[in-house]
S.K.: 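This is the structure, below, for whatever I ask next.
Letters A, B, ... are given to chains in the order of the sequence lines, protein chains preceding strands, and every chain is numbered from 1.
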Amino acid sequence: MIRVIAARCLEVLPSLLIVTMMVFLLQKLMPGDVAIALAGEDRNTEVIAHIREKYHLGEPIFTQYWYWLRGVLSGDFGNSVKMGSPVASMVLEKLGVTFQLSTLAMCIAVALGLPLGILSAVRRGSVWDKLGDLFALSALSIPSFWLGILLILIVSIHLGWLPASGYVSFIDDPIESLRTLIMPAFVLGAAIAAMLMRHVRSAMLETLSADYIRTATAKGVPEQRIVLLHALRNSAIPVVAFAGIVFGELLAGAVLTEQVFNIPGMGKLVVDAVFNRDYTVVQGVVLCSALLYFIINLIADILIALIDPRVVL
Amino acid sequence: MLKRLLIVAAALSLISTLATAQTNELRIGLSSDPDALDPTTSGTLAARQIFTSLCDRLLSLDADLKYQPQLAKSWTFSDDKTELVFKLRENATFHDGEPVDATAVVYNMNRHLTLPGSNRRSEISEITSVEAVDRYTVKIKMAHPFTPVLAALADRASIMVSPKAAEQGGSAFAQNPVCSGPYKFVERVPQHRIVLEKFENYWDSQSYPVKKVTYYTIVDPTVRLANLRSGQLDVIEGVSPTDVKLFGSDKKLKLYTTPSLAFHYIIINIAGGDQGQSKNPLSQDKRIREALELSIDREIINKVAFEGKFMVSNQPEVPGSRFNIKEIPTPKRDIKRARELVKEATGGAGVSFSMLVPNVSSYQRVAEIIQGMAAEAGITIKINTQETTTLLSNWATGNFEAVLMRWSGRADPDGNVFSFKTCNGSRNGGKYCNAVVDSNLEKARTSIDDAQRYSYYKAAAEQYLADRPYIYLFHNIQLTGARANVNGLTITPDGVFSLKNVTVE
């Protein structure tokens with residue numbers, strides 16, 4: 001397995017190179033002068049000229065890309081052209097925040113989506129199934145921005161139970177960290193729970209109609225054991241693959257949720273960087289996101305192989 | 001029994017004391033993220049908010065736009081007005097313990113003038129040399145009298161940073177700025193918060209009771225307001241005019257309304273780039289520009305888009321201020337005359353142009369109202385919404401017919417007109433050029449007598465307001481929200497919060 005993982009790691013390198021190159025080119029194709037964006041409100045001509053020279057903006061695109069790549073290969077991701085801070089530390093800092101938020105959102109999604117999906121499948125056509133459908137439809141239809149504002153109004157302003165926004169590191173204060181992240185994680189997790197529930201439901205329905213389940217039932221194996229041990233394990237493969245993809249997406253940043261709850265995560269970082277034409281930050285985030293996406297999906301593949309021995313990596 | 005009563009009384013007294021005790025932290029919600037915290041290279045309004053608490057300058061502006069001493073105790077011009085002598089206070093130190101003396105001032109002024117990428121150089125470019133006369137006296141020499149220098153020095157161009165820290169920090173100085181203001185830098189989490197704590201050795205320390213100030217960046221006004229209402233923030237900038245009613249109904253909140261130097265205006269491309277003189281119907285016939293202005297009802301825009309909270313205006317200077325040209329009042333809407341002008345200019349065919357508008361809802365509201373008004377005069381406006389960077393690039397390169405924009409305003413009128421209207425002005429994207437305007441604006445910046453300056457600005461305004469390369473619409477009123485327990489907050493017309501004597505109960 002280690003050889004396979006090592007091979008996969010090598011395979012990802014060209015993908016990362018292509019992704020960063022494409023994003024770099026796309027950024028350069030965007031309208032708007034980077035130097036003007038960075039020169040601030042004063043837009044002084046001398047300052048604009050200085051920025052162009054400092055960041056090699058007058059040179060061909062591939063030369064600019066090479067400067068960036070050369071830095072990355074030597075371990076220097078450059079500095080944010082807007083703030084001057086090192087990109088690597090900015091991305092790592094935001095990654096920690098996004099990782100906490102994503103993990104909590106995934107926990108909420110699994111806690112809601114998994115039992116609801118199982119229940120809907122096992123009690124197909126019952127009131128539980130209908131309620132599950134209603135939950136899935138609502139959670140997928142309500143825009144996260146609106147749900148976030150609504151939760152802030154009710155939970156923070158009227159009830160005063162939780163902080164309206166902000167972020168506290170789990171290491172600094174675990175309780176306050178959970179208090180600040182629970183609402184945004186719920187907003188993110190609810191929509192994922194709905195999708196997860198639908199995936200679990202359809203996978204379970206397929207498994208529950210399999211011959212070996214019928215055999216187990218005929219042998220008098222209790223329903224609980226059949227569902228949780230036999231059916232769920234065999235339904236887990238598409239669910240784990242889905243969770244891997246979603247978690248990877250979450251780590252790339254949840255822009256709207258971060259915006260509403262003022263969480264300094266990856267999504268906010270990359271959106272602001274795009275608007276400010278802070279290309280070094282965009283490149284750093286894209287590289288990091290692509291890498292994480294690869295790692296998460298590799299982990300998902302390993303898990304699938306562990307769940308189902310027939311799957312070969 | 002008596003003992004019990006005493007205990008109860010003591011407990012009640014303690015509770016009462018705790019209830020009215022001043023908290024030591026002030027949390028401020030900013031509407032945008034500051035750029036690098038280096039006063040020499042910084043170019044954003046948000047950074048000015050931070051610098052006001054973090055860094056002292058030679059002189060400051062008060063709420064009435066009058067110059068007040070800060071690091072300088074006094075200042076005097078020489079008789080020929082080409083030299084400016086500052087006497088420094090002797091008890092000021094930087095946050096790293098280094099003294100704020102004449103040597104430090106010379107270092108900083110030279111840094112502003114020579115650092116590559118300095119955004120301050122153009123503001124004080126008339127300064128030819130800065131020298132230390134003695135330990136606490138600095139002399140600034142200029143090539144010729146240059147009145148706006150005081151306004152520039154009351155802004156970021158005289159912010160002093162620790163020379164030692166600046167040298168050690170180099171290009172990374174902005175990540176750990178060391179100044180001499182009432183609060184010192186603690187940490188910055190980009191796009192989230194900037195934390196400052198009280199500098200106990202500040203020369204006026206007793207006037208700053210708050211121990212810690214945290215600035216949070218929250219771009220969305222609804223989210224910012226929600227945080228104020230829930231008590232997560234104590235002060236927020238940029239309350240949306242449509243949310244003002246809420247402040248009347250919530251006793252835990254209060255609203256500050258401060259006249260702002262900022263103004264909104266339409267820039268018309270007279271001769272810039274491809275879309276200047278040759279293609280733009282607005283530049284080809286000034287009757288169309290006049291018709292456009294006459295078709296606009298500024299009062300209606302103010303009522304519909306801003307709940308009547310802003311000040312309608314036809315000039316860059318705030319109505320009622322000393323350099324607002326009173327002889328040229330804001331014209332009323334005259335749709336009949338506007339229609340006649342369009343008919344005269346186009347033979348009844350009407351005219352059409354596109355207007356760039358930032359993708360911000362308040363701008364879009366204003367643009368749509370103007371679009372409707374102009375249509376009644378036979379002027380068709382195609383609204384072209386663009387995100388800010390693209391719009392600014394198009395404006396700078398002359399790739400536009402008209403653009404709706406905002407300028408944050410400067411205390412001295414020179415900062416609001418010179419670079420916008422002179423032929424070679426750095427902010428003259430529409431390339432308006434008129435010898436009368438150039439000459440009068442040049443004279444105004446070298447004249448030191450207010451009455452004389454007014455006459456020059458009046459002569460220039462008579463010309464450019466008739467030519468209409470810019471159509472001014474209104475001056476903002478700065479709407480600042482605060483919790484009711486925040487006292488003593490003052491907001492200067494340049495949009496900056498002063499935390500002097502601010503308490504949080």
Side-chain angles (χ1 to χ4, degrees), chain A residues 30-51 53-54 79-80 82-86 89-90 93-94 97 145 148-149 152-153 155-158 160 162-167 258-265 268-269 271-277 281, chain B residues 27 29 32-38 41-45 47 115-123 125 171-175 188-193 216-220 222-224 226-233 386-397 407-408 419 426-427 429:
Chain A
M30 278 169 74
D33 188 332
V34 185
I36 289 173
L38 296 174
E41 191 189 46
D42 293 321
R43 293 185 278 280
N44 187 293
T45 42
E46 281 178 36
V47 176
I48 291 171
H50 171 74
I51 292 169
E53 192 191 333
K54 185 176 176 184
N79 290 341
S80 157
K82 187 189 175 201
M83 319 249 207
S85 319
S89 66
M90 281 174 87
E93 192 176 80
K94 307 292 179 190
V97 179
F145 189 85
I149 296 273
I152 289 174
L153 277 174
V155 181
S156 301
I157 294 176
H158 291 295
L162 292 170
S165 73
Y167 166 76
E258 286 174 11
Q259 205 77 36
V260 172
F261 291 98
N262 196 33
I263 295 167
K268 213 172 164 202
L269 180 70
V271 167
D272 286 359
V274 168
F275 281 126
N276 289 315
R277 305 294 192 270
V281 173
Chain B
R27 297 154 304 172
S32 58
D33 200 34
D35 57 353
L37 291 180
D38 183 333
T41 57
S42 164
T44 59
L45 180 63
L115 190 77
S118 168
N119 254 317
R120 306 285 82 82
R121 182 167 39 232
S122 63
E123 296 165 3
S125 56
S171 60
F173 172 77
Q175 289 162 48
R188 176 177 196 172
V189 179
Q191 294 154 321
H192 187 237
R193 67 175 188 269
Y216 291 94
T217 303
I218 303 180
V219 178
D220 189 276
T222 313
V223 178
R224 224 167 31 244
N227 277 273
L228 182 74
R229 292 177 69 195
S230 70
Q232 295 295 115
L233 293 175
Q386 296 186 344
E387 55 96 22
T388 312
T389 304
T390 309
L391 181 138
L392 288 177
S393 286
N394 284 328
W395 161 75
T397 52
W407 173 243
S408 61
S419 59
S426 59
R427 299 187 184 100

S.K.: For the interface with chain B, which of A/Glu53, A/Lys54, A/Glu46, A/His158 has the highest count of heavy-atom pairs at distances below 4.5 Å?
M.R.: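 Ranked by contacts with chain B, first place is A/Glu46.
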S.K.: Any side-chain heavy-atom pair from B/Gln175 and A/Ser85 closer than 4.5 angstrom?
M.R.: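 The answer is yes; the side chains approach within 4.5 Å.
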S.K.: Contact part of B/Arg193 toward chain A, heavy-atom cut-off under 4.5 Å: side chain, backbone, both or neither?
M.R.: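 For B/Arg193, the contact with chain A is made by the side chain alone.
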S.K.: Please flag which part of B/Gln232 lies under 4.5 Å from any non-hydrogen atom of chain A: side chain, backbone, both or neither.
M.R.: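 Side chain only.
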S.K.: For B/Asp220 and A/Phe145, run side chain to side chain contact (heavy atoms under 4.5 Å, CB included): C-alpha distance rounded to whole Å, both residues' side-chain angles, the deciding distance at 0.1 Å, then the answer.
M.R.: CA-CA 11 Å; B/Asp220 189 276; A/Phe145 189 85; 3.7 Å; yes
S.K.: Mind checking what makes salt bridge (Lys or Arg N to Asp or Glu O under 4.0 Å) contact with A/Arg277, not counting sequence neighbours?
M.R.: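 Applying salt bridge (Lys or Arg N to Asp or Glu O under 4.0 Å) to A/Arg277 gives B/Glu387.
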S.K.: Contact part of B/Thr217 toward chain A, heavy-atom cut-off under 4.5 Å: side chain, backbone, both or neither?
M.R.: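 Only the backbone of B/Thr217 comes within 4.5 Å of chain A.
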S.K.: Heavy-atom cut-off 4.5 Å, strictly under: side chain, backbone, both or neither for B/Asp38 against chain A?
M.R.: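 B/Asp38 has no heavy atom closer than 4.5 Å to chain A.
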S.K.: Please flag which part of A/Ile149 lies under 4.5 Å from any non-hydrogen atom of chain B: side chain, backbone, both or neither.
M.R.: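 Looking at A/Ile149, just its side chain touches chain B.
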S.K.: Could you tell me which of A/Ser165, A/Gly166, A/Ser156 has the largest number of non-hydrogen atom pairs under 4.5 Å with chain B?
M.R.: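 Most heavy-atom pairs under 4.5 Å with chain B: A/Ser165.
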S.K.: Taking all atoms of both residues into account, what is the closest heavy-atom pair of B/Pro116 and A/His50, and its distance?
M.R.: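 Scanning both residues completely, I find the closest heavy atoms to be CB-CE1, 3.2 Å.
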S.K.: Looking at side-chain heavy atoms only, is the closest gap between A/Glu93 and B/Pro190 below 4.5 Å?
M.R.: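 In short, these two side chains touch, coming nearer than 4.5 Å.
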S.K.: Highest number of heavy-atom pairs under 4.5 Å with chain A: which of B/Arg121, B/Gln386, B/Arg224, B/Arg188?
M.R.: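 Max contact count across the listed options: B/Arg121.
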S.K.: Using the test salt bridge (Lys or Arg N to Asp or Glu O under 4.0 Å), find all partners of B/Arg229 that sit at least two apart in sequence or belong to another chain.
M.R.: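 By the salt bridge (Lys or Arg N to Asp or Glu O under 4.0 Å) rule, B/Arg229 matches no residue at all.
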S.K.: In terms of heavy-atom proximity below 4.5 Å to chain A, should B/Ser118 be classed as side chain, backbone, both, or neither?
M.R.: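 Backbone only.
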S.K.: Just so I understand: if I count every heavy-atom pair under 4.5 Å between each of B/Asp33, B/Val219, B/Asn394, B/Leu391 and chain A, which residue has the most?
M.R.: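 Among the listed options, the one with the most contacts to chain A is B/Asp33.
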S.K.: With a 4.5 Å cut-off on heavy-atom pairs, point out which of A/Asn262, A/Ile48, A/Ile51 contacts chain B the most.
M.R.: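 Top option by heavy-atom pairs under 4.5 Å: A/Asn262.
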S.K.: Select one option (side chain, backbone, both, neither) describing which atoms of A/Leu269 are under 4.5 Å from chain B's heavy atoms.
M.R.: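 Looking at A/Leu269, backbone and side chain both touch chain B.
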S.K.: Which region of B/Ala226, side chain (C-beta onward) or backbone (N, CA, C, O), has a non-hydrogen atom less than 4.5 Å from a non-hydrogen atom of chain A, or is it both or neither?
M.R.: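 When you check distances to chain A, atoms from both the backbone and side chain of B/Ala226 fall under 4.5 Å.
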S.K.: Picking from B/Thr41, B/Leu233, B/Thr222, B/Ile218, which has the most non-hydrogen pairs under 4.5 angstrom with chain A?
M.R.: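 Greatest number of close heavy-atom pairs with chain A: B/Ile218.
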S.K.: Who among A/Lys94, A/Met90, A/Gln259 has the most heavy-atom pairs with chain B under 4.5 Å?
M.R.: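 Top count of heavy-atom pairs under 4.5 Å with chain B: A/Lys94.
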S.K.: Can you give me the closest heavy-atom contact between A/Ile36 and B/Ala396, atom names plus distance?
M.R.: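 Taking A/Ile36 first and B/Ala396 second, the nearest heavy atoms are CD1-CB, 3.4 Å.
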